[in-house]
Novice: 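The structure follows.
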Amino acid sequence: MKLYYSPGACSLAGHIVAVEGGLALELEKVDLKTHTTETGQDFYAINPKGYVPTLKLDNGSILAENAAVLPFLGDKTGAMPQEGMDRYHALEWIGFINSEIHKSFAPLFHGADDQTKAKAKEKILGRLKLVEDRLTGDYLMGSRFTPPDAYLFVMLTWCKKMHIDVSGLPRLSAFKVRMDTRDGVQKALKEEGL
């Protein structure tokens, strides 16, 4: 399988899940400004949406969107809960991170005015406060790493990049430190040149 990624983008979450689970992925970097891959391909020809993550499966089919890619890779690696409500709660976390946190960063990445950026940062912190209140174990699902943890980690790296102070959220701050020290996270970061 090949993961089309951009360093530090939300595709890092899938990369982390794969590395954590020992799943070898071929990696191909995408320049999201020019929409070309590092081998010179038009990325729109691979994924007409034009963004990452994009996973090319061994049969040639394409899977995109973290809401699909993360459970897929989690199933392949055994990181995704397989039964009962745990699976649905993991999917719930992925959905929440995707729709309520990830999308809230858009004004910060796309040159909005200062007032719009301030509102976006406030919204992100509000959403992270909800996560803080529900984070009672080492990870979102308790004591073990699951795919939503990788996605949340990426969002916290974006907070640092965008100068969103999460120091008032001690559980999330501790979670970020725990994730930073995981071998799989470090390997994925290194492979993306981060």
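In what follows, residues are counted from 1 in the order of the sequence shown.
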Novice: Find out whether D42 and T37 are in side-chain contact, i.e. whether some heavy atom of one side chain is under 4.5 Å from a heavy atom of the other.
Specialist: no

Novice: Could you tell me whether the side chain of L25 reaches within less than 4.5 Å of the side chain of L3, counting heavy atoms only?
Specialist: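 Yes, their side chains come closer than 4.5 Å.
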
Novice: Hey, does Y88 have a side-chain heavy atom less than 4.5 Å from the side chain of P81?
Specialist: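 A side-chain contact under 4.5 Å is absent here.
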
Novice: Taking side chain to side chain contact (heavy atoms under 4.5 Å, CB included) as the criterion, tell me which of D149, L140, V154, L70 meets it with I97.
Specialist: L140

Novice: Given side chains that start at C-beta, do those of W158 and I101 come closer than 4.5 Å, heavy atoms only?
Specialist: no

Novice: Does a salt bridge link E20 with K187, judged by any charged N lying under 4.0 Å from a carboxylate O?
Specialist: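 Salt bridge flag = no for K187 with E20.
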
Novice: Taking atom types as modelled, is there a side-chain donor on E65 or Y51 under 3.5 Å from an acceptor on the other?
Specialist: yes

Novice: So which atom in L91 and which in M80 form the shortest heavy-atom distance, rounded to 0.1 Å?
Specialist: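 Closest approach of L91 to M80: CD2-CE, 3.5 Å.
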
Novice: Kindly indicate whether the side chain of F72, heavy atoms from C-beta on, has any atom under 4.5 Å from the side chain of V69.
Specialist: no

Novice: Could you tell me which non-hydrogen atom of G50 sits nearest to which non-hydrogen atom of Y44, and how far apart they are?
Specialist: CA-CE2, 3.4 Å

Novice: Would you say that N66 contacts P53 through its side chain, given a criterion of any heavy-atom pair below 4.5 Å between the two side chains?
Specialist: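 Side-chain contact under 4.5 Å: yes.
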
Novice: Under 4.0 Å between a Lys/Arg side-chain N and an Asp/Glu carboxylate O for K129 and D133?
Specialist: yes

Novice: Looking at every non-hydrogen atom in both residues, tell me the closest pair between L172 and L152 and how far apart they are.
Specialist: CD2-CD2, 3.8 Å

Novice: Work out which heavy atom in I94 is nearest to a heavy atom in P147; give both atom names and the distance.
Specialist: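 Closest approach of I94 to P147: CD1-CB, 4.3 Å.
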
Novice: Looking at R87 and D75, is there a salt bridge between them, counting it only when a charged N and a carboxylate O are closer than 4.0 Å?
Specialist: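 Looking at D75 and R87, the cut-off is met.
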
Novice: Is there a side-chain contact between R182 and R178, using heavy atoms and a 4.5 Å cut-off?
Specialist: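 Answer no - side chains too far apart.
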
Novice: Would you mind checking if K2 and E26 are paired as a salt bridge, meaning a charged N to carboxylate O distance below 4.0 Å?
Specialist: yes

Novice: Do Y139 and M179 have side-chain heavy atoms sitting under 4.5 Å apart?
Specialist: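 The answer is yes; the side chains approach within 4.5 Å.
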
Novice: In plain terms, say whether D113 and K117 are close enough for a salt bridge, that is, a side-chain N and a carboxylate O under 4.0 Å apart.
Specialist: no

Novice: How about Y151 and W93: are their ring centroids closer than 6.0 Å?
Specialist: no

